[in-house]
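Residue numbers start from 1 in every chain, and the chains themselves are labelled A, B, ... in the order their sequence lines are given, proteins ahead of strands.
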Amino acid sequence: MIKVRFAPSPTGFLHIGGLRTALYNYLFARHNNGIFLLRIEDTDRSRFVEGAAEGLVDILKWAGLDFDEGPLFQSDRLDIYKERVDFLLKNGFAYRCFCSADRLDGMRKAQIAKKQPPKYDGLCKSLSPEESDKLAKEKPFTVRMKMPQEEIIFDDAIRGTVKFHGSLIDDQVILKSDGYPTYHLANVVDDRMMGITHVIRGEEWLSSTPKHIILYRYFGWNPPVFAHLPLLLNPDKSKLSKRQGDVAVESYKEKGYLPEAVLNYVLLLGWATEDSQQIFSKEEMIAKFSIERCGKSGAIFDIQKLIWMNGEYIRKLPIEELTRRAIPFIEKAGFEASDIGYLQKCVFLEQEKIKLLSDVPHLIDFFLKDDIIYDKNALDKVVKKPGVFEILNDIAVVYSELKEFTEQSTETVTREYAIKKSLKTAQIFHPVRVAVSGRTEGPSLFHMLELLGRDRVLKRVNYLIGEING
RNA sequence: GCCGCUAUCGUCUAGCCCGGUUUAGGACGUCGCCCUCUCAAGGCGAAGAUCAUGGGUUCAAAUCCCAUUAGCGGCACCA
């Protein structure tokens, strides 16, 4: 039975790169009818952020990456790690280290200054068991694993065979002086005890993997399959970071990206099909995903393509659904959103123009409020032209004489008026558009007029006539 | 500094494992044309890649081999 996990630490919001890792794990599990587990790696008390774990669960839910087990918290499992550390200590695979943080720090700085690799000098390694036991009662200590001085070779499902030499790797701290395990220990122990078969994680873990391999060996366990995903990059090719744009999935949600689009976009950052398919339903993702087709090189996060993709998904959404999702944004902009039927009509007229849900309030605001703002540019370009005053006056009369004020009837009489006056239709359409909406761009004119209704249309046209006069 | 990973259009990538079907394919973006009451959307088209560089192997290399370079990642009592 295939089993994978997503194992974030609760130190803040979910990173967009983390979302991709979670997605790949999720897809791999679903594709293989396996299990997807969520584990919260909260072993660093100094970086713990209140509410972060809940936030992680919420945003995963928003993204639709439902997990089958968890969330499991490492802080609930301290006894288990402690027991494993004792095992290592007893078998000589690890030793207590009583060096102070100051000593370690000074040593590291000196090594770096001498252009040497920063590495623990092994001072406490030579302590006898008796000395170690005695000191342990007096001083705080950490526990370090012993790195064997040999070549460590492992297979990565994405990168193939990878080799490191143990002599170059530090005797890693696996238990901190506060009694909490470090990532390396907790990760290995949990993956084993939770039955994880495939570890799919970011490339930043590749060089730690030999430590994990050795821990598995010390415990007498078979390691899982490792797959290290390429990193997500800033436009300058450095590891994607806060400084150069949004990395929190939460902020994409707030900006009005659809989870389907974010997932689909992130899917393509490091994975592709042979035919370079771009748009995937979730079912297709699950059906087609495979680790073998993951790329090896880092991918720059291109917001332009995400925006395009979001537009694609928005255009495909049924109008009821689109409106439902847009309502929080409409309300946030200060508009009343109780008349769903009316909002649906407004949103429908603008659907093909929406890139982000947060665009919606602005796109439809002239349907929702009376004191519309006339765009300066629109006034200059369209209204301040000779003949506009007369046209608007005539049109107001024509519209007021209409029996029924509909898309069809308004179009018919407007075109008739154009012929009668030997005007190009655009000479009438444009000023009317500006008069009723305040701007030059918008939905097709007559759909807009019908939705606005005669009263509002006449009121706005007459208002503009007054403005031209004044 | 040491270790490791990576390297195809501006960006995401296909092709590479199993050399010839590649005038290196698709997508975003850009530009042009069409449609059109505007903006979009849509349709059509264009520009854009000496396949990091240099050597081999071969009748033939983006594809195989070697070296080099560059970029990135890791080297915490962070994950």
**N/O (side chain, A/Arg293) to phosphate O (OP1/OP2, B/U13) under 4.0 Å** = no
**Message:** What's the gap between B/G4 and B/A41 when it is taken at their C1' atoms, as a whole Å value?
**Reply:** 48 Å
**Prompt:** Are any non-hydrogen side-chain atoms of A/Phe289 and A/Leu267 less than 4.5 angstrom apart?
**Reply:** yes
**Item:** P atoms of B/G71 and B/G25, separation to the nearest Å
**Value:** 30 Å
**Request:** Considering just the side-chain nitrogens and oxygens of A/Lys296, establish if one lies under 4.0 Å of OP1 or OP2 belonging to B/G4.
**Result:** no
**Message:** What is the separation between atom CD on A/Gln278 and atom P on B/G26, rounded to the nearest whole Å?
**Reply:** 12 Å
**Message:** Need one value for A/Arg201: base, sugar-phosphate or nothing, where a base atom within 4.0 Å counts as base even if backbone is also close, heavy atoms only.
**Reply:** nothing
**Message:** Distance check needed: B/G42 P versus A/Lys316 NZ, whole Å only.
**Reply:** 12 Å
**Prompt:** For the residue pair A/Phe87 and A/Phe93, does the interplanar ring angle fall in the parallel (under 30°), tilted (30 to 60°) or perpendicular (over 60°) class?
**Reply:** tilted
**Message:** Can you measure A/Phe98 atom CZ to B/C77 atom C1' for me and round it to whole angstrom units?
**Reply:** 14 Å
**Fill in**
Whole-Å distance, A/Tyr183 OH to B/A76 C1', equals 15 Å
**Prompt:** Do we see a donor-acceptor contact under 3.5 Å between the side chains of A/Tyr81 and A/Thr43?
**Reply:** no
**Request:** Give A/Pro8 one of three labels, base, sugar-phosphate or nothing, depending on what nucleic acid heavy atoms sit under 4.0 Å from its own.
**Result:** nothing
**Base-pairing mate for B/G54 - Watson-Crick or G-U, with both contacts under 3.5 Å** = B/C66
**Request:** State whether the number of non-hydrogen atoms from other residues, nucleotides or ligands found under 6.0 Å of A/Gln408 atom CD is greater than 12.
**Result:** no
**Message:** Ring of A/Phe226, cation from A/Arg201 - is the NZ or CZ under 6.0 Å from the centre and inside 45° of the axis?
**Reply:** no
**Message:** Between A/Asp375 and A/Thr440, is the side chain to side chain donor-acceptor pair (under 3.5 Å) condition met? List the steps.
**Reply:** CA-CA 8 Å; A/Asp375 178 65; A/Thr440 55; 5.6 Å; no
**Request:** Kindly say whether, by distance alone, the side chain of A/Thr142 makes a donor-acceptor pair under 3.5 Å with the base of B/C77?
**Result:** no
**Item:** Span that lies between the C1' atom of B/C2 and that of B/U23, in whole angstrom
**Value:** 47 Å
**Asked** Which part of the nucleic acid does A/Arg45 contact within heavy-atom distance under 4.0 Å: base, sugar-phosphate only, or nothing?
**Response** nothing
**Request:** Give a yes/no answer on whether the side chain of A/Arg159 brings an N or O atom under 4.0 Å of OP1 or OP2 in B/G4.
**Result:** no
**Prompt:** What distance, rounded to whole Å, do you find between the two C1' atoms, one in B/C5 and one in B/C9?
**Reply:** 24 Å
**Prompt:** Between A/Leu206 and A/Glu350, who's closer to the 5' end of RNA chain B by nearest nucleotide?
**Reply:** A/Leu206
**Message:** What is the distance, to the nearest angstrom, from the NZ atom on A/Lys163 to the P atom on B/C3?
**Reply:** 14 Å
**Request:** Please check if the side chain of A/Arg456 supplies one atom and the backbone of A/Leu452 the other of a donor-acceptor pair under 3.5 Å.
**Result:** yes
**Request:** Report yes or no: is the cationic atom of A/Arg96 (NZ for Lys, CZ for Arg) under 6.0 Å from the centre of the six-membered ring of A/Phe141, at an angle within 45° of the ring normal?
**Result:** yes
**Complete:** Under a 3.5 Å limit on both distances, the Watson-Crick or wobble mate of B/G48 is none
**Message:** Rounding to an integer number of angstrom, what distance separates B/G42 and B/U36 when you compare their C1' atoms?
**Reply:** 11 Å
**Complete:** Taken to the nearest whole Å, CG/A/Leu445 to P/B/U38 is 11 Å
**Item:** Gap between atoms CG and C1', on A/Leu240 and B/C12 respectively (whole Å)
**Value:** 14 Å
**Request:** Provide the distance between the two P atoms, one in B/C65 and one in B/G45, to the nearest whole Å.
**Result:** 39 Å
Protein-nucleic acid N or O pairs under 3.5 Å, nucleotides 73-75 of chain B:
residue	atom	partner	partner atom	Å
B/G73	OP1	A/Lys239	N	3.2
B/G74	OP1	A/Lys239	NZ	3.1
B/G74	O4'	A/Ser207	OG	3.3
B/G74	O2'	A/Ser207	OG	2.9
B/C75	O2'	A/Pro118	O	3.3

**Message:** Give me the distance, rounded to whole Å, that separates B/A27 from B/C39 when you measure between the P atoms they each carry.
**Reply:** 25 Å
**Message:** Would you measure the distance from the C1' atom in B/C28 across to the matching atom in B/C34 and give it in whole Å?
**Reply:** 22 Å
**Request:** Please determine, for B/C75, whether a Watson-Crick or G-U wobble partner exists with both distances under 3.5 Å, and give it or none.
**Result:** B/G1
**Request:** Starting at atom CZ of A/Phe280, determine the distance to atom P of B/G26, rounded to an integer number of angstrom.
**Result:** 17 Å
**Message:** Under a 3.5 Å cut-off for both contacts, is B/A27 paired Watson-Crick or G-U wobble with anything, and if yes, with which nucleotide?
**Reply:** B/U11
**Message:** Does A/Ser444 reach a base, just sugar-phosphate, or nothing at all? Heavy atoms under 4.0 Å.
**Reply:** base
